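Following: one structure in structure tokens, then a few remarks.
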Amino acid sequence: DTGVSQDPRHKITKRGQNVTFRCDPISEHNRLYWYRQTLGQGPEFLTYFQNEAQLEKSRLLSDRFSAERPKGSFSTLEIQRTEQGDSAMYLCASSFPVTTGEQYFGPGTRLTVT
Amino acid sequence: ILNVEQSPQSLHVQEGDSTNFTCSFPSSNFYALHWYRWETAKSPEALFVMTLNGDEKKKGRISATLNTKEGYSYLYIKGSQPEDSATYLCAFTSQETSGSRLTFGEGTQLTVNP
């Protein structure tokens, strides 16, 4: 499978715990994006990388959130001290840095904070 | 704040019916308009990327049009089939971000009854 993959697909955690998600983009793509979708809403942009550089972060990305892409390939998104409001689907996407910027999405990680 | 709005929120049609959805977006600073189909438990799938006013794209029974001057796009499905059941998302990118971040609408949830 040469698409975008995410791990885990589902995560249930207790409030206050830290969680980390992984995204493996399509290998030729040097841009990688994180989005979050809550129930009844469209996905919302969190951050994106070009190679290993984090070029943009949304105001949604509070201090408890951190994303890395250390070698310009896979990326991790960590949430510290999870809150119930963090429950959402976390989507990763990748693309070439071309003008139309078509983004290819993974299946997402569903986080439930109890 | 960029507002992307989609209507209707949900739609139930019978197999064989043709249907259409609307996406409205800011007409200033337009860069590109994306349509995605998202089936439950799968990755969002890119349908179309449109950049020019008057663009029309077609893929099988699905087509889309774009009006950047008035800020709207239509997605049409001809002869709906049960496998078309999914959430259809549109997303806007602006010149300010050179097409990097996608701003999504809330989606139209389509159910096609056999």
Side-chain angles (χ1 to χ4, degrees), chain A residues 1-10 23-26 29-51 53-61 67 88-110, chain B residues 1-10 21-25 30-52 55 57 59 64 66 68 73 75 86-109:
Chain A
D1 188 349
T2 57
V4 178
S5 62
Q6 293 187 244
D7 183 68
R9 294 289 302 273
H10 303 273
C23 171
D24 286 89
I26 293 171
H29 289 176
N30 55 5
R31 281 195 178 174
L32 185 149
Y33 310 79
W34 286 99
Y35 293 85
R36 178 175 70 186
Q37 191 224 14
T38 53
L39 202 60
Q41 303 295 315
E44 295 174 296
F45 173 82
L46 293 178
T47 188
Y48 93 95
F49 294 83
Q50 181 152 314
N51 299 313
Q54 189 172 18
L55 296 187
E56 189 177 354
K57 288 168 58 172
S58 163
R59 285 172 292 178
L60 292 174
L61 214 65
M89 173 74 83
Y90 290 83
L91 290 164
C92 174
S94 69
S95 77
F96 290 111
V98 293
T99 52
T100 56
E102 184 169 317
Q103 296 180 20
Y104 295 81
F105 281 83
T109 294
R110 168 78 65 192
Chain B
I1 296 176
L2 300 175
N3 288 321
V4 178
E5 297 182 355
Q6 292 188 246
S7 64
Q9 280 190 324
S10 66
F21 325 133
T22 303
C23 171
S24 63
F25 53 87
F30 175 83
Y31 195 85
L33 193 284
H34 301 240
W35 280 101
Y36 284 86
R37 173 171 60 200
W38 194 0
E39 295 179 65
T40 303
K42 294 187 178 179
S43 305
E45 173 196 357
L47 291 174
F48 306 113
V49 181
M50 294 184 288
T51 56
L52 298 175
D55 253 357
K57 296 271 178 102
K59 183 186 286 189
L66 178 68
T68 60
S73 175
L75 187 80
T87 296
Y88 291 81
L89 292 161
C90 72
F92 163 86
T93 58
S94 73
Q95 290 182 9
E96 288 172 332
T97 57
S98 299
S100 58
R101 68 157 71 185
L102 294 172
T103 301
F104 282 90
E106 294 180 354
T108 293
Q109 187 170 8

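Order of the sequence lines fixes the chain letters, A, B, ..., with proteins taken first and strands second; residue numbering starts at 1 for each chain. All of these numbers come straight from a predicted model, not from anything done at the bench.
Looking at B:Thr51, its side chain never comes within 3.5 Å of a backbone N or O of B:Ala32 through a donor-acceptor pair. At distances below 3.5 Å, not a single donor-acceptor pair connects side-chain atoms of A:Tyr35 with backbone N or O atoms of B:Phe104.
In plain terms, the two heavy atoms of B:Thr93 and B:Arg101 that are nearest each other are CG2-O, 3.2 Å.
Interatomic distance, B:Leu75 CG to B:Tyr36 OH, rounded to the nearest 0.5 Å: 14.0 Å.
Neither the backbone nor the side chain of A:Gln6 comes within contact range of chain B; no heavy atom of the residue lies under 4.5 Å from a heavy atom of that chain. Heavy atoms of A:Leu91 lying under 4.5 Å from chain B belong exclusively to its side chain. Heavy-atom distances place the side chain of A:Arg9, and not its backbone, under 4.5 Å from chain B.
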